[in-house]
Amino acid sequence: MGCKHEKTKLEEMNLTPEQAKQILQKIEAEKARSAASASAVPRAPAIVAKPDAPQVNTLASENDHAALPPVQGQFVDESLVHGNWVVDGLVDVAPASPQAASPGGVVLVNRNNDLLVAHLSSLSKEPTPGETPIQPIAEGAGSFALARGPALADGYGYWISTHFLYRRPTKVPYGPLEELAADARVGTRAAALPASKATGRPTWVGYIALPTVVDGPLRAKLWYGAEDEAVLTEPSASALSIQLVEIANLVYVVTLEARTGQSTLHARTLEPGSPPKLGADHVVWVGGSPNSMTELSLKPTKNGSLLGLLPVERDVTTFALGVLSFTSLDAATPPSERWLPYLNGINPAPVEASRVCGHDTLLFARPSTADPGSPQELVLLDLEAKADDPPLVLGTSKAYFDVSIAELKRGALISYVADHRTWARTVRCVSG
């Protein structure tokens, strides 16, 4: 609205000259503030060897939780070269949907619980960015809802919809649909552990189950074949999120307790059997307050340790991503901690980890500035990078609902949900 138009409107309001002057001054001040805020989000050319402005490796310090400056030299969903990575172009795969990246492509689920795959072709070997070789989902494949993506194991996708735990094969014809449990909590994610030939253990699937009584505790449960399932938490414990992992030849169930005021991680061993044998419950870490959407992610690292990722309140004024390195899941061996501070609160705070070009790497969303309405950044961070190597900002959006990353032979496939769509792109190793 022009200044002349604004003055005319003010005259029609029968204000005194002094009142009109004060309102005009406020309008001009707000315009100046908005212009300064818009110019604070920098842009970069489509293909850049490295951002020119200095950046901070936020994981370089073991317990650094000071506020960090916004990353400079951002890239907004463009192809680019960054260090040892070649990032190919962005592909619009489908509407916003439950999704998960896999070596074969992006696995999605629609409202009808049909499982669909956006297939990935062979990666380019060129040293420069190109098109991501993925086939979008055809129009008319059904409507999609916004929900947690499926867990993938042994040729199946496992997901939760309307209180049911479902599964379907991830290869054509993707059926039939199997209902594994009818007491799953909506809004949570299943955890799947591949079968073991060495021990004869079948595929195990963990999930968060509804209370058995009104206002009762949420339970962690295990589906282990046919109609068999087992409760994994103590009667008085309540769980928000579940992970199944194998470390040092032992299988563990790790749960994030739904407790006000602190994030408590519980771990216990699981041995094959019918039902599986549960070991003693150990509290392996305690942190800040979670909320109903907080998710725990656990990934094995290449050195045999376990990487735990948990976005929580660091203290009363700081929200951060806790990066926990476990060498053992017992109460006597606490994890080492690194903290990646966020400049503002973010909910949900999606994060995932994988190996990219042989390095343990994080994919996560974070606020770009401390302003409450600031856009979010999608960041790819090499955990083995030197302290002065900057993380890579892949793009910006108003919000990222979910992120996923899958290791490929010569890189990784990244997928995420933002701007009402599901997107995907490949990251390739410069060395091939």
Side-chain angles (χ1 to χ4, degrees), residues 151-156 158 165 167 180-181 188-209 218-226 228-257 263-287 295-310 322-338 351-355 360 362 383 406-407:
L152 307 175
D154 298 329
Y156 281 87
Y158 299 84
L165 171 64
R167 80 167 180 175
L180 307 184
T188 58
R189 195 189 311 265
L193 188 69
S196 170
K197 292 182 179 179
T199 63
R201 173 180 53 77
T203 306
W204 281 348
V205 182
Y207 69 100
I208 300 301
L218 296 168
R219 302 161 297 152
K221 295 182 72 174
L222 179 75
W223 177 86
Y224 58 97
D228 297 324
E229 56 185 48
V231 178
L232 302 176
T233 47
E234 298 297 327
S236 60
S238 188
L240 278 177
S241 181
I242 182 173
Q243 290 280 281
L244 300 175
V245 293
E246 189 168 6
I247 181 173
N249 297 319
L250 291 174
V251 174
Y252 287 86
V253 54
V254 184
T255 57
L256 170 62
E257 186 175 359
S263 298
T264 306
L265 297 187
H266 294 256
R268 58 198 312 180
T269 56
L270 269 174
E271 297 181 16
S274 186
K277 182 180 178 182
L278 274 170
D281 187 313
H282 296 289
V283 173
V284 294
W285 186 79
V286 176
E295 274 196 302
L296 167 68
S297 179
L298 289 174
K299 295 290 181 180
T301 65
K302 67 180 185 181
N303 66 6
S305 63
L306 195 63
L307 190 67
L309 306 171
L310 192 65
V323 182
L324 314 174
S325 181
F326 293 91
T327 56
S328 174
L329 287 173
D330 60 61
T333 313
S336 62
E337 300 179 13
R338 290 178 171 179
V351 57
E352 193 54 275
S354 183
R355 278 192 282 279
D360 294 315
L362 295 185
L383 292 178
E407 182 181 11

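The shown structure was predicted, so the numbers you read here are calculated from the model rather than taken from an experiment.
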Ile208 vs Leu240, side-chain contact (heavy atoms from CB on, under 4.5 Å): CA-CA, chis, key distance, verdict: CA-CA 7 Å; Ile208 300 301; Leu240 278 177; over 6 Å; no
Residue pair Thr255, Leu232: steps toward the side-chain contact (heavy atoms from CB on, under 4.5 Å) verdict: CA-CA 9 Å; Thr255 57; Leu232 302 176; 5.8 Å; no
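- Sequence neighbours left out, the pairs with a member in residues 297-308 that pass salt bridge (charged side-chain N to carboxylate O under 4.0 Å, His left out) are Lys299-Glu352, Lys302-Glu384.
- At least one side-chain heavy atom of Leu270 sits under 4.5 Å from a side-chain heavy atom of Leu278.
- Contact check for Leu329 versus Leu250: no side-chain heavy atoms found under the 4.5 Å cut-off.
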Step-by-step side-chain contact (heavy atoms from CB on, under 4.5 Å) determination, Leu256 to Leu265: CA-CA 5 Å; Leu256 170 62; Leu265 297 187; 3.9 Å; yes
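- Put simply, CD on Glu229 and NZ on Lys221 are 3.5 Å apart, with the number rounded to the nearest 0.5 Å.
- Between the side chain of Arg268 and the backbone N or O of Gly279 there is at least one donor-acceptor pair closer than 3.5 Å.
- Taking 4.5 Å as the limit, some side-chain heavy atom of Val251 sits within range of a side-chain heavy atom of Trp204.
- Looking at heavy atoms from C-beta onward, Pro272 lies out of side-chain contact with Tyr224 at the 4.5 angstrom threshold.
- Heavy atoms of other residues, nucleotides or ligands lying less than 6.0 angstrom from CG of Asn303 number more than 12.
- Applying side-chain contact (heavy atoms from CB on, under 4.5 Å) to Leu222 and the options Val231, Val205, Leu244 leaves one that passes, Leu244.
- Residues Val245 and Leu306 are in side-chain contact: their nearest non-hydrogen atoms beyond the backbone lie under 4.5 Å apart.
- Contact check for Leu180 versus Tyr207: no side-chain heavy atoms found under the 4.5 Å cut-off.
- Side chain of Thr233 to backbone of Ala220: a donor-acceptor contact under 3.5 angstrom is found.
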Verdict with supporting geometry, Trp285 and Leu310, side-chain contact (heavy atoms from CB on, under 4.5 Å): CA-CA 11 Å; Trp285 186 79; Leu310 192 65; 3.6 Å; yes
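- Rounded to the nearest 0.5 Å, atoms OG (Ser325) and CG (Leu383) are 9.5 Å apart.
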